[in-house]
Amino acid sequence: MNSAASSPLSGASRSFARSLARAAAFGLAMIVAAPAMAGPASVEPEESMLTTLPSPKPSWVFLQRGVALPGTTVFDTSTGKYVAQIETPILGDLAIDPAGKHYYVAETVWTRRLHGTRQNFISVYDAHTLTLEGDIDIPGRILVGNRERDFVVSDDGKTAYVYDFSPISSINVIDLVKRKFVKNVELPGCADLIPNQGVGVVSLCSDGSLASVNLTGDKADITRTDPFFNATGDPVFDDVQFDRTKAEAVMLSYSGLVYTAKLGAKPVVSAPFSIQEAAGLRKGETRPLDLNWYPTGHQPSALHRASGHLYVLMHAGEFWSHKDNATEIWDLDLAARKVVKRIAVDGGPNVINVTQEPEPKLVVLSDGDGGNTGYALPGTAQVIDPATWTVKFNLRDSGSGLIQVMQ
Amino acid sequence: MNSAASSPLSGASRSFARSLARAAAFGLAMIVAAPAMAGPASVEPEESMLTTLPSPKPSWVFLQRGVALPGTTVFDTSTGKYVAQIETPILGDLAIDPAGKHYYVAETVWTRRLHGTRQNFISVYDAHTLTLEGDIDIPGRILVGNRERDFVVSDDGKTAYVYDFSPISSINVIDLVKRKFVKNVELPGCADLIPNQGVGVVSLCSDGSLASVNLTGDKADITRTDPFFNATGDPVFDDVQFDRTKAEAVMLSYSGLVYTAKLGAKPVVSAPFSIQEAAGLRKGETRPLDLNWYPTGHQPSALHRASGHLYVLMHAGEFWSHKDNATEIWDLDLAARKVVKRIAVDGGPNVINVTQEPEPKLVVLSDGDGGNTGYALPGTAQVIDPATWTVKFNLRDSGSGLIQVMQ
Amino acid sequence: MTIFNADSFGETLLRRFAGGTSRRGMLARIGAALVAAPVFPVLPVSRAEAKPDRSPESKTMFARNAQTTDDTKCNYWRYCAIDGTLCTCSGGGIHSCPPGAEASPVSWVGTCVNPDDGKAYLIAYRDCCGKAQANRCNCDGTDRETQIYTQQLNNDIIWCFGVKNTEYHCSTAVLVGAA
Amino acid sequence: MTIFNADSFGETLLRRFAGGTSRRGMLARIGAALVAAPVFPVLPVSRAEAKPDRSPESKTMFARNAQTTDDTKCNYWRYCAIDGTLCTCSGGGIHSCPPGAEASPVSWVGTCVNPDDGKAYLIAYRDCCGKAQANRCNCDGTDRETQIYTQQLNNDIIWCFGVKNTEYHCSTAVLVGAA
């Protein structure tokens, strides 16, 4: 990597040195890193170096390697190059510090792999060295893959919220400045956390409402909007899109209804419109047998904040096929309520995201890639330029699940 | 599975019941296992059952899923059917209780996945229920894949030996009856443990000798044979074959030399013979450029104890290509010092084992299988009948590394 | 607006377990972890709206193509809302965990149509837990499958609760009763 | 019989580090973890036998096909005895660990021939540790690679010692000197 800086490797610890001397005494041959003391040689021996990273860039994309292999790969969509790997475990959640100084990973491990004591914590990594600065223990968290709204950081970067389902539904609040767990707040019947700056979080509920959880006081105060969607008949996808600067959330239902909500102490939800109608087609039904274009995937839509364009993975099929692979990407101008472009896409993606650069790049991937092995191994992500609708790069061995970007 | 017995699922714990009641009070809908109290219904509700296993059979084969996915799959080579999964971690070692009552797994975990405290222990599983009976903590163990001689159990099933390299070379001795770590014995310059009943273990050494480690006294007593092989110029494979009833070990070198050793307080090694000469070809060289047939793989040979036949993975190539994929299996009659059969094999295997049934079955696999992903995922093992040299079964999604059988 | 209408999911269970019992009594029984019971989010289920629709139009693509003979295939009728590795391929059975795995007493549910009688049945997808994922016969049925704010109808969540270790091994499809 | 003849591996290191120093003095310096040193099993290396063979006959198939321009390919000359994921493909370099990974101060070694000058060089394959395997560009060179009773020449062992966590991330190929 061109942007990487290097620093010499620090020396081994003293206790290790002792163990080494003991090993040597017992007849073991080995090479120890030792450039400084090297005697005369025909070739100058090399030093082992460490590599560091710049702050996360808006052109970077973070791809979870899936449910078979741990780790999140980072690629630069400007160059198509691999940048680094962030240590997310399987079913772990990554959140990026809005200031770009840290990566936070919410994870769950047993002390002895498949037994022992369950531990839930947030690992804090320095964004430049990717070294672990420490853990913040929390009481629990939901175990589910491919969700961006189970672990979110407030817009000011000071507070993290972790969704828990144990099977009691609740929110864990974490102070990222003090690196301390603050409190657990029960959240009956709701899930999916959207940071609501100055208030707390907003959440989707199974009665079809949005709950606003006010966490400013000693006691959490939860208020709900009127129900506006049908949580069992036409659910909105967990994958709520959120524009921090406008404090606006965009929700998409299985049938293709697009809702927007203005966040705040009392969120206000707009009347929905149909993405199919916005494309000049008839509205999506909520029953099988009727063929139409439907949104699809684990991460079916991506909002480019600056332009107000929502990119949606779509497939032709029946209702209740909301996990099918996409065959088209629709480019929806939210303000105009118009699908301005429909583009065929290869590889059957079911996750999509868009970089928040002035000239954005789309990244799509088939969650569950990895050839015909069925193992959801890292596959090939496509970087698509929505200005020209051409594939700029194919990122090989990149991800097999959630795609994240700098907000 | 036909042979499986079933028993009703035991009830949930009381503390969980409390948490459930609390969850319910907060408006969460769920289904709780409850066959006994079911009211009238048109269909009888089913109970959740547990499945149990018979004792391990000589026809079973144990296949490590490799370095990407944890777990060892068990298949029955008589039926080609999947039996169960034993919980071996990546780089964990499985040992089967000779009495068939337990499975032992030597493993290494950090309390917090990639950080925290390193723990090394042996997990003890009941062979019928596969439930964990407990752990036996040990000071350390080598981290290396695809080796059967890093964790062995004595013939009487009472003692386990775990090889450690830290980087001091040593043996951990474990009392399996008391389920306690006993002691650590340093083993300078040697590795690969062969149980030596009534004495301790025998080990391969880098001076080309066998070390006999006598563990009967308070202080370990190590004696070595004269050097008989060249550990750097023509190493014998780690994968020593061992016949418990005859107390005889069979070793195979890169160039194709076959050594046998009678174990005991003072092991005696026979003069080697060339497997190529035993096939009517010229002896293998120990230099590149000369083309010949060479043994190959991580587990290049398998001894059928009762008949004294050694089945060897072979490939045509140059010296120092000892990890190449095999293209033939050679059937070597050890007593006659004659290769009685050479058979072409598909799929380029590099691990082989043979069941110890009176009419044995060979199992071969390409370590590193998993399509073109390069991830060493479970691939397809072939079960070959050496009486007819036909493939009896293809075991799909079975393994990608070490193959083990009941001894 | 319909608040909860996952077919007759609610109705059935109310019929089977609640009967003349009060909601309070029902909770007490859940507390003893002896019975199954749904407790609905915020509003009690509307019985009228929860009636199962058995018209051909209600049949999803899955239901129209399901079979009842091979429970190791993804199109086996009970798998209409399953997600994961089939225990039937992994040393267990349609309602049995493989050796060493522990069945979660809590599960998500589906309403699947049995093509033999054309009737809808309530299926509890009980995960078998505490072992590494078997990864044999992976299936993903999505009939009436929702998002995680309606947990009991979501099949992405690791449904391993009240077990010693929540590692996911495989999923069973337990017949609870007629829907 | 030759006891240790991995080309000039031993000779070089004796020449470079031992010189007039006694064996005892050498061990003391290893104790300080400042220098590299081989201490041979049981018998000291025979200098006469350890002389590098630079004839064409000594060149393995790997050496005959190696290149010196692209260190992200398995046939790069230094990778004659590597086994694992290349750090050069994983955000690191030929002698640099990727961000967040820690280089093991102890390593296995290889003796590889540089096709540009035809000379043999000692390469230390230093593993970068503490992160999940990168799994990008996996290579397995086997020139003079032995079994685990001769650890320093075996490439299957996880060579992560003296680091905080021994999880294997990727491997570097550090040039130590002429062989």
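Just so it is clear: chains get the letters A, B, ... in the order the sequence lines come, proteins before strands, and each one is counted from 1.
- Heavy-atom distances place no part of D:Glu167 under 4.5 Å from chain A, backbone and side chain included.
- For A:Tyr103, no part sits under 4.5 Å from any heavy atom of chain D, backbone or side chain.
- Proximity to chain A among residues 72-90 of chain D is limited to D:Arg78, D:Cys89, D:Ser90, judged by heavy-atom separations below 4.5 angstrom.
- Remark: the A:Thr72 side chain and the A:Thr88 side chain contain an N/O donor-acceptor pair separated by less than 3.5 Å.
- Among residues two or more places apart in sequence or in another chain, the side chain to side chain contact (heavy atoms under 4.5 Å, CB included) test is passed with A:Phe393 by A:Val383, A:Leu395.
- Donor-acceptor pairing under 3.5 Å is lacking for the side chains of A:Asp126 and A:Thr131.
- Sparse packing is recorded around NZ of D:Lys164, with 12 or fewer heavy atoms of other residues, nucleotides or ligands lying under 6.0 Å away.
- For the two cysteine residues D:Cys160 and D:Cys129, the thiol sulfurs sit under 2.5 Å apart.
- The closest side-chain donor-acceptor pair between A:Arg396 and A:Asn394, if any, does not fall under 3.5 angstrom.
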query: side chain to side chain donor-acceptor pair (under 3.5 Å) between D:Thr146 and D:Asn154: does it pass, once the steps are laid out?
result: CA-CA 5 Å; D:Thr146 68; D:Asn154 176 271; 5.5 Å; no
